[in-house]
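Since the structure comes first, as structure tokens, the remarks are kept for the end.
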Amino acid sequence: MSDQFNPNQLRNPRTHGPSVPRRDVRASFTDETITVYQAYSREIADVAVESQTFAPPFKRERMTWIKPSFLWMMYRSGWATKSGQERILEIQITRDGFEWALAHAALSSYEPGTYASQRQWAERKDASPVRIQWDPDRSATLAPLDRRAIQIGLSGEAVDRYLDQWITRITDITPLAARVHRCVSSGRLDAAQEELPVERIYPVPAPILGLIGASEPQSSELS
């Protein structure tokens with residue numbers, strides 16, 4: 001990716017306006033790592049847990065999407081019931097790697113509020129190995145919330161870095177998904193909430209906010 005890209009060409013996230021749902025990166029994280037989720041078939045998941053990275057039958061040449069929101073992953077996988085998504089993996093990756101991905105990303109589609117022109121977006125997209133999408137975040141019942149959750153698509157160099165450098169631990173948390181689902185299905189939402197991973201607003205470095213179309217942080221949310 002060219003080092004000549006000027007992030008000042010992108011519009012400030014303040015211009016999104018108060019009527020637009022907030023876009024914050026919410027995740028479980030420590031000082032060194034951040035947690036993301038993926039759903040795969042048994043064949044891919046077994047190899048990943050055993051080798052602590054992704055290996056065949058996982059295919060490096062395909063874009064792979066990581067999701068910091070546990071409940072968005074539950075929505076996408078249908079609580080680990082959809083074909084090829086029967087196993088939920090919790091992947092801890094380095095914060096340095098995660099921020100590299102954000103810094104080398106482009107939105108999946110043109111957005112006037114983020115890019116100065118469609119041409120500028122297309123050039124950024126062609127040069128970037130990472131895609132960003134913002135979709136409605138989900139409640140424990142998987143109802144859409146009035147805020148957006150980030151999905152991050154990795155390809156090319158980003159996939160290689162993810163597999164070979166960023167991953168620090170892979171854990172199969174399918175049993176957790178099943179427990180939360182049982183609580184929700186039986187109407188025990190308080191019990192479901194207690195099982196959920198604690199997710200906070202991640203402190204995305206200020207220069208990256210405009211690159212990914214994120215909202216500017218509010219001090220009260222980061223305290």
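Side chains are part of it too, since the values below use all heavy atoms of this structure and drop only hydrogens, waters and symmetry mates. Fair warning: this is a prediction, and the values are worked out from it, not measured in the lab.
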Quiz item: Got a second to check how far Gln92's CD is from Arg169's CZ, nearest 0.5 Å?
Solution: 4.0 Å

Exercise. List in chain and number order the residues that pass salt bridge (charged side-chain N to carboxylate O under 4.0 Å, His left out) with Glu86, two or more places apart in sequence or in another chain; answer none if no residue qualifies.
Key: none

Self-check item: Smallest separation among heavy atoms of Gly213 and Thr114, with atom names
Solution: CA-OG1, 3.6 Å

Quiz prompt | Connected via hydrophobic side-chain network under 4.5 Å: Leu163 and Trp166 | solution = yes

Exercise. Flag yes if more than 12 heavy atoms outside Glu50 fall under 6.0 Å of its CD atom; otherwise flag no.
Key: no

Quiz item: Looking at residues at least two apart in the chain, or sitting in another chain, which of them share a side-chain contact (heavy atoms from CB on, under 4.5 Å) with Pro56?
Solution: none

Quiz prompt | Closest heavy-atom pair and its distance - Val49, Gln52 | solution = O-NE2, 2.9 Å

Practice problem: To the nearest 0.5 angstrom, please state how far the OG1 atom of Thr64 sits from the CZ atom of Phe54. | Solution: 6.5 Å

Practice problem: Could I get the full list of side-chain contact (heavy atoms from CB on, under 4.5 Å) partners for Ala178, not counting sequence neighbours? | Solution: Arg182

Quiz prompt | Minimal non-hydrogen separation, Ile132 against Leu102, with atom names | solution = CD1-CD2, 4.1 Å

Quiz prompt | Expected output: side-chain Trp134 to main-chain Leu107 donor-acceptor under 3.5 Å | solution = no

Self-check item: Nearest non-hydrogen partners of Ile88 and Ser77, listed with the distance
Solution: CD1-OG, 3.6 Å

Exercise. Indicate if Leu196 and Ile150 have the same hydrophobic cluster label, given that clusters are the connected sets of ILVMFWY residues with side-chain heavy-atom separations under 4.5 angstrom.
Key: no

Quiz item: Just by modelled atom types, is the Ser109 backbone N or O under 3.5 Å from a matching donor or acceptor in the Glu111 side chain?
Solution: no

Exercise. Please name all residues satisfying side chain to side chain donor-acceptor pair (under 3.5 Å) with Gln85, sequence neighbours left out, ordered by chain then number.
Key: none

Practice problem: Please name all residues satisfying salt bridge (charged side-chain N to carboxylate O under 4.0 Å, His left out) with Asp164, sequence neighbours left out, ordered by chain then number. | Solution: Arg60

Self-check item: Ser128 (side chain) donor-acceptor with Val130 (main chain) under 3.5 angstrom
Solution: no

Self-check item: Nearest heavy-atom neighbours spanning Pro68 and Ile66
Solution: CD-O, 4.1 Å

Exercise. Look at atom CZ of Arg76 and say whether more than 12 heavy atoms of other residues, nucleotides or ligands are closer to it than 6.0 Å.
Key: no

Exercise. Among Leu189, Leu71, Leu145, find the one that has a side chain to side chain contact (heavy atoms under 4.5 Å, CB included) with Ser139.
Key: Leu145

Exercise. Taking side chain to side chain donor-acceptor pair (under 3.5 Å) as the test, write out the residues that go with Gln193, two or more places apart.
Key: none

Quiz item: To the nearest 0.5 Å, what is the distance between CZ (Arg95) and OG1 (Thr30)?
Solution: 7.0 Å

Exercise. Determine, step by step, whether Thr94 and Asp96 satisfy the side chain to side chain donor-acceptor pair (under 3.5 Å) criterion, reporting the C-alpha distance in whole Å, the side-chain angles of both residues, the deciding distance to 0.1 Å, and the verdict.
Key: CA-CA 5 Å; Thr94 65; Asp96 285 345; 5.7 Å; no

Practice problem: Quick one: do Glu90 and Tyr37 satisfy side chain to side chain contact (heavy atoms under 4.5 Å, CB included)? Show the steps, please. | Solution: CA-CA 5 Å; Glu90 174 192 270; Tyr37 303 96; 3.9 Å; yes

Quiz item: Linking I/L/V/M/F/W/Y whenever their side-chain heavy atoms sit closer than 4.5 Å, directly or via other members, would Met74 and Trp72 fall into one cluster?
Solution: yes

Practice problem: For residues Arg138 and Ser69, determine if any side-chain heavy atom of one lies less than 4.5 Å from a side-chain heavy atom of the other. | Solution: no

Quiz item: Could you give the distance from CD1 (Ile152) to OG (Ser108), rounded to the nearest 0.5 Å?
Solution: 11.0 Å

Quiz item: Would you say Asp172's side chain and Thr174's backbone share a donor-acceptor pair under 3.5 angstrom?
Solution: yes

Quiz item: Does a side-chain heavy-atom distance below 4.5 Å link Ser215 with Arg23?
Solution: yes

Exercise. Go through the structure and list residues passing side chain to side chain donor-acceptor pair (under 3.5 Å) with Glu32, not counting sequence neighbours.
Key: none

Quiz prompt | Proximity of Phe29 and Phe98 rings by center, below 6.0 Å | solution = no

Exercise. Could you list all the ring pair (Phe, Tyr, Trp, His ring centres under 6.0 Å) pairs where at least one residue sits in residues 173-194, not counting sequence neighbours?
Key: Trp79-His181

Exercise. Name all residues meeting the salt bridge (charged side-chain N to carboxylate O under 4.0 Å, His left out) criterion together with Arg147; count only those two or more places apart in sequence or in a different chain, and write none if there are none.
Key: Asp137

Quiz prompt | Reported CD1-to-CD1 distance for the pair Ile167 and Ile91, which is rounded to 0.5 angstrom | solution = 6.5 Å

Quiz item: Picking from Val198, Val36, Ile173, Thr35, what satisfies side chain to side chain contact (heavy atoms under 4.5 Å, CB included) with Phe70?
Solution: Ile173

Quiz item: Any side-chain heavy atom of Pro129 within less than 4.5 Å of one from His104?
Solution: yes

Quiz prompt | Residue Tyr75 excluded, over 12 heavy atoms near OH under 6.0 Å | solution = no

Exercise. First locate atom OG1 of Thr168, then atom CD1 of Ile34, and finally report the distance between them rounded to the nearest 0.5 Å.
Key: 11.5 Å

Quiz item: Same cluster for Met73 and Leu89 if Ile/Leu/Val/Met/Phe/Trp/Tyr side chains link at under 4.5 Å?
Solution: no

Quiz item: Which ILVMFWY residues can you reach from Trp65 by hopping between side chains whose heavy atoms are under 4.5 Å apart?
Solution: Met63

Quiz item: Considering residues at least two apart in sequence or located in another chain, which fulfil the salt bridge (charged side-chain N to carboxylate O under 4.0 Å, His left out) criterion with Arg119?
Solution: Glu123

Practice problem: For residues Val47 and Phe58, determine if any side-chain heavy atom of one lies less than 4.5 Å from a side-chain heavy atom of the other. | Solution: no

Exercise. Grab the two heavy atoms, one from Ser186 and one from Cys183, that are nearest each other, plus how far apart they are.
Key: OG-O, 3.1 Å

Practice problem: For the residue pair Asp46 and Arg87, establish whether any side-chain heavy-atom pair is separated by less than 4.5 Å. | Solution: yes

Self-check item: Under the side chain to side chain donor-acceptor pair (under 3.5 Å) test, residues paired with Thr171 that sit two or more places apart
Solution: none

